[in-house]
Amino acid sequence: MLSNIGNSILFLSVLLCFSIIYYSFQNLKTNKDSITKIIFQLCVLQSTFIIISFLTLIAGFLISDFSLIAVYQNSHTLKPALYKIAGTWGNHEGSLLLWVLILTLFSFFFLILNKNHSKNYRIYTLIFQNILILGFLFFLLFNSNPFSVISPEPKEGLGLNPILQDPALAIHPPLLYIGFVGSSIYFSAAIASMLSNYSGKLFAKSIKNWVLVSWSFQTIGILTGSIWAYYELGWGGFWFWDPVENASLLPWFVMTALFHSLIVLEKRNLLYFWVIILCILTFILSVTGTFLIRSGILNSVHTFANDPSRGIFILIFLSLMIFTSVFVLFKKLKINSYNVNFYSKETFVLINNWFMIFYLITVMLGTVYPIFTEVLNDSKVSVGPPFYNTVIIPVVIFFLFFMSIGPKVRWIKDNLKNLNVILGILFFSILINFLIFYLFKSYSLISNFIIISSFFLIFSSLIDFVEHFKNHSIKNYSRIISHMSFGLLVLFIGLNHNFSLEKDLNLKLGEKITFEGYSLKFEKLYLKEFKNYKAIIGEFEVNNLKDNFNLSLYPQIRIYENPNTLTYEASIKTGILKDYYLTMSNIDRSDYYNVKFQKKPFMIWIWISVILISLGGFLRLFKNEKKNY
Amino acid sequence: MKKKIIKSIILLTISFILGIFFIGLNKSSTYNTKDLIGSKISKIQLIQLSENKIITEKELKNNDFTLINFWASWCGPCRDEHPYLLKLSNETKLKLLGVNFKDNKKNAKQFLDNLGNPYDYITTDNSGKQSINFGVYGIPESILIDKDLIIIKKIIGPINKKDFESIKKTIE
Amino acid sequence: MKLKIIIIFFLLQLNTINAKVLVADPNIIFKNLRCLICQGQSVADSNSEFAQTLKLVVKDKIREGKSEKEIYEFLIDKYGEWIVYKPPFNKVNSLLWILPYFALLIGGLIIMALVKKRSNR
């Protein structure tokens with residue numbers, strides 16, 4: 001029943017796409033300045049249909065209609081309602097429907113919100129966006145249909161993998177998709193801009209809010225993924241440089257480069273083609289990321305059920321996108337002479353782009369390199385955290401310095417008069433680093449530089465903030481917040497890395513062990529039955545010997561029946577200064593349990609920093625909106 | 001002209017990358033240590049299960065072929081491959097070296113009493129540390145080496161009929 | 001004056017750094033090793049049989065006085081390059097290590113060229 005509704009709506013949506021494209025071309029032929037009403041009506045209809053089909057799938061999950069394969073494979077009657085709904089986008093097919101939904105909504109809103117821009121530009125954007133929608137609808141209908149039926153109808157579903165049942169992960173895909181699927185709109189707009197010769201400042205104005213929206217959501221989306229990894233995987237880390245994580249980071253780098261360059265395009269009418277390239281690159285990387293994850297070409301912790309036929313479809317689609325955009329670009333590309341002065345804001349924006357592209361190339365290369373060695377050399381390599389840390393961290397130091405100085409520099413040309421202030425801040429940062437180094441714990445040279453440079457950025461931003469406040473100009477507070485929070489993020493990650501304590505122990509019930517100022521006692525072990533799982537719960541007493549601080553932690557080993565899995569639940573005590581993190585796992589054929597104790601300083605501040613970074617994006621968006629009306 | 005060259009280079013690079021992705025799709029992304037065939041085994045020190053004799057590579061150099069088999073009494077798939085090991089023990093050119101992995105003596109002996117003992121030498125690896133020297137990462141796993149201690153075959157998981165026949169072919 | 005103080009600070013710091021990091025840290029090594037059974041996990045994060053055994057062996061090697069690098073070399077010899085998360089620099093992996101810096105260099109040159117064009121006028 002639901003399957004029929006869903007399928008027919010999707011089919012109608014395909015027809016709608018064709019008619020939107022048809023009427024758009026008709027509209028291009030006329031000399032009228034406005035877009036015909038029929039196009040608006042079709043777009044409203046299209047959005048409504050896609051929303052209905054998405055709601056239909058959610059309904060399928062909510063009422064546990066196991067005649068749908070997607071529901072049968074990813075849901076269970078005993079699951080809480082929140083995770084039934086989240087199950088909708090927790091699988092390949094459903095998440096693709098979410099893709100289409102976001103593509104469609106962005107298409108619709110771009111059409112109605114950009115009334116002041118040229119008609120041809122809007123129409124071309126609509127055409128390309130609808131071609132994208134069409135592509136994904138075909139993918140949905142012919143390869144990954146969320147409304148496929150199974151018969152006879154199973155009595156019970158297979159259930160959702162328990163480690164995916166987490167509030168952060170429930171909202172993670174929608175947030176992330178608004179980010180990188182949202183970037184489709186400026187991909188379409190970039191091509192439209194070239195075809196309709198609608199370039200320069202006006203083009204920048206038309207897409208800047210869209211870039212900001214996608215960037216802010218992408219940031220939050222990445223954060224929720226990290227929080228999930230920290231709480232749910234039980235390894236104590238929050239970033240593993242896993243292909244799936246990298247795939248979300250790649251478009252983020254380009255988005256960041258893009259909205260910095262957009263400022264230059266808007267204010268100085270420079271870098272038009274560079275902006276175009278970045279627009280195109282963002283969405284291409286989003287699709288590439290999806291290809292890498294969904295096709296199963298890479299080996300990842302986060303296993304999506306994968307299937308090479310999906311890979312081929314996305315790869316063909318990706319190739320078409322790339323070659324079309326490159327073709328248009330080559331046709332329209334003109335190399336202009338630029339007027340950039342050495343000590344000007346433009347230079348610093350270029351420097352930002354320079355670093356972003358470096359990060360991008362490093363992470364991209366690290367992610368796909370194993371595919372290349374496999375194909376060309378028939379050997380398998382692993383590229384993991386130590387590679388990225390070695391290559392990226394030293395460069396981040398310079399990046400932070402430029403990031404501190406850049407915003408203070410004026411447009412066109414400036415002189416170096418505030419050198420004294422800069423030296424003062426540098427001196428102060430070194431001093432603080434020094435205090436941490438000698439008072440608490442020593443760390444490596446590179447960590448010293450990281451902490452100094454992050455303090456430098458934080459203090460520069462703070463001084464900036466105070467000056468703005470004095471002048472009663474709150475012009476740039478969004479930028480200051482984002483920049484400062486980025487400094488905080490690097491600082492807290494640096495401190496977290498250097499001051500965390502990790503102990504891998506094998507303990508028996510009743511045993512007590514003392515190490516580095518802590519003692520840990522394995523007090524109790526008991527079995528408890530829950531609604532949809534059984535848990536072996538360990539009770540551990542952690543004692544901080546210095547300040548005689550006591551704490552009980554209860555890590556679990558959970559035994560789920562639907563589907564039949566074993567998960568290890570970390571027991572985490574979150575604090576303002578540090579988290580205590582304890583996991584327990586059984587060792588086969590022995591009375592011992594493998595217990596991992598971790599002290600992780602400033603975890604919560606890492607999350608807060610990222611929230612603040614994206615908050616800056618949202619504030620800027622809000623400000624832009626106010627300026628326009 | 002210069003522009004044309006740059007454009008062609010860009011197009012070729014993109015096609016190259018996409019081509020690699022396309023070929024990569026059909027390759028398996030999971031790893032096993034079969035790439036290590038052809039490398040040499042070294043630094044062997046295995047203690048025999050019954051007596052306190054140590055087996056080193058010297059002993060193995062006298063055999064034409066040796067099949068080193070990692071097993072344990074608690075390992076289910078080890079029971080599945082046992083009949084093939086028994087059949088292989090009849091081969092004259094092949095000696096079987098069993099490494100009892102993270103097991104206790106009593107259970108191991110009982111296992112062999114019940115199912116038969118195919119091994120020419122039985123050694124023990126209580127802590128599992130020796131297995132690392134052989135590049136073993138899960139049991140059962142079997143390594144076929146020749147006179148020069150070069151790995152010529154690696155079987156990860158239980159030996160099945162196909163493996164059995166290919167071992168027989170190799171040693172002839 | 002300020003510059004001098006900064007330089008002195010750094011020299012002081014260099015001293016403290018040279019004194020440290022002689023014994024290999026097992027926790028760091030575990031994180032840089034990939035678990036072969038669980039494929040996407042590091043040995044530090046895994047509680048599989050293999051990871052537990054490997055941890056014992058690494059600890060033994062440290063006790064024997066082996067350096068971090070020697071331990072990686074030993075394991076690469078036994079299990080192949082897949083086991084380390086930091087691919088060793090060799091012919092096959094050279095591009096991986098060189099290309100990012102090459103890109104950084106090219107980017108810098110492009111920016112310099114853009115900026116210089118202006119100063120010449």
Side-chain angles (χ1 to χ4, degrees), chain A residues 233-237 240-242 299-303 337-342 347 350-351 353-355 357-358 361-362 365-366 369 372-373 377 379-387 390-392 395 423-424 426-427 430-431 434 437 442 444-445 448 502 504 568 583 585-588 594 596, chain C residues 2-3 5-6 9-10 12-14 16-21 26-28 30-34 38-42 44-49 51-52 55 80-88 91-93 95-97 99-104 107-108 110-112 114-119 121:
Chain A
L233 289 180
W235 308 340
F240 301 95
W241 294 105
D242 181 83
N299 199 301
S300 154
V301 206
H302 315 272
T303 38
S337 59
Y338 290 111
N339 292 327
V340 182
N341 196 287
F342 173 64
T347 313
L350 284 176
I351 289 174
N353 280 229
W354 176 32
F355 280 93
I357 297 299
F358 164 74
I361 287 177
T362 310
L365 196 66
Y369 206 77
F372 280 76
T373 59
N377 193 44
S379 67
K380 284 192 163 98
V381 293
S382 307
V383 184
F387 166 78
T390 322
V391 176
I392 289 177
V395 178
L423 274 182
L426 183 61
F427 175 71
I430 293 178
L431 192 74
F434 225 48
F437 189 86
S442 56
S444 70
L445 183 65
N448 273 290
E502 220 169 287
D504 192 85
Y568 303 91
T583 45
S585 60
N586 51 321
I587 300 177
D588 288 343
N594 182 257
K596 229 166 99 180
Chain C
K2 259 177 200 158
L3 261 173
I5 298 175
I6 291 169
F9 268 149
F10 271 127
L12 266 171
Q13 244 164 11
L14 278 172
T16 55
I17 285 136
N18 286 337
K20 276 189 61 188
V21 222
N27 280 328
I28 291 175
F30 296 161
K31 283 212 173 106
N32 293 350
L33 294 176
R34 186 169 194 163
C38 7
Q39 304 278 346
Q41 247 170 308
S42 79
D45 299 328
S46 164
N47 35 34
S48 66
E49 189 101 50
Q52 280 165 11
K55 282 179 193 170
E81 271 175 31
W82 171 271
I83 199 164
V84 288
Y85 267 127
K86 187 177 180 174
K91 220 165 77 195
V92 178
N93 301 332
L95 273 182
L96 175 70
W97 287 100
L99 263 181
Y101 294 112
F102 182 72
L104 193 66
I110 292 174
I111 292 180
M112 292 254 276
L114 285 177
V115 171
K116 236 190 193 158
K117 234 188 218 165
R118 165 72 180 179
S119 348
R121 278 186 202 175

Check your understanding: For chain C, which of A/Asp504, A/Val395, A/Asn594 has the most heavy-atom pairs under 4.5 Å?
Key ->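 If we count pairs closer than 4.5 Å to chain C, A/Asp504 comes out on top.
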Check your understanding: A/Val383, A/Thr373, A/Ile361: which one forms the most heavy-atom pairs within less than 4.5 Å of chain C?
Key ->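 The option with the most such pairs is A/Val383.
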Exercise: identify the closest heavy-atom pair between [X] and [Y]:
X	Y	value
A/Ile587	C/Gln52	CG2-OE1, 3.6 Å
A/Leu350	C/Ile111	O-CD1, 3.4 Å
A/Trp354	C/Leu104	NE1-O, 2.7 Å
C/Leu96	A/Gly366	CD1-CA, 3.9 Å
A/Ser382	C/Arg34	OG-NH1, 2.9 Å

Point to revise | Proximity breakdown for A/Phe372 and chain C, heavy-atom pairs closer than 4.5 Å | key: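 Contact with chain C: none, neither part.
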Point to revise | Structural part of A/Thr390 lying under 4.5 Å from a heavy atom of chain C | key: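 For A/Thr390, the contact with chain C is made by backbone and side chain together.
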Practice item. Side-chain contact test, heavy atoms from C-beta onward, threshold under 4.5 Å: evaluate it for C/Asp45 versus A/Leu233 and give yes or no. Key: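 Of all side-chain heavy-atom pairs linking A/Leu233 with C/Asp45, none is under 4.5 Å.
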Review point. A/Tyr369 versus C/Leu95: any side-chain heavy-atom pair under 4.5 Å?
Key: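 Side chain of A/Tyr369 against side chain of C/Leu95, heavy atoms only: contact under 4.5 Å found.
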Practice item. Hey, can you tell me if A/Phe358 and C/Tyr101 have their rings parallel, tilted or perpendicular (30° and 60° cut-offs)? Key: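 If you compare the ring of A/Phe358 with that of C/Tyr101, the planes turn out tilted.
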Check your understanding: Is there a donor-acceptor contact under 3.5 Å from the side chain of A/Lys380 to the main chain of C/Gly80?
Key ->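 Judged by distance alone, no pair lies under 3.5 Å.
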Exercise for review: Look at the side chain of A/Asn377 and the backbone N and O of C/Val92, then say whether any donor-acceptor pair between them is shorter than 3.5 Å.
Suggested key: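 The answer is no, because no donor-acceptor pair under 3.5 Å joins these two groups.
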Review point. Can you tell which of C/Ile110, C/Asn93, C/Leu99, C/Ile83 has the highest number of heavy-atom pairs within less than 4.5 Å of chain A?
Key: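 The answer is C/Asn93.
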Review point. Looking at CG of A/Asp242 and CD of C/Gln41, how far apart are the two atoms once the value is rounded to the nearest 0.5 Å?
Key: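 Interatomic distance, A/Asp242 CG to C/Gln41 CD, rounded to 0.5 Å: 10.5 Å.
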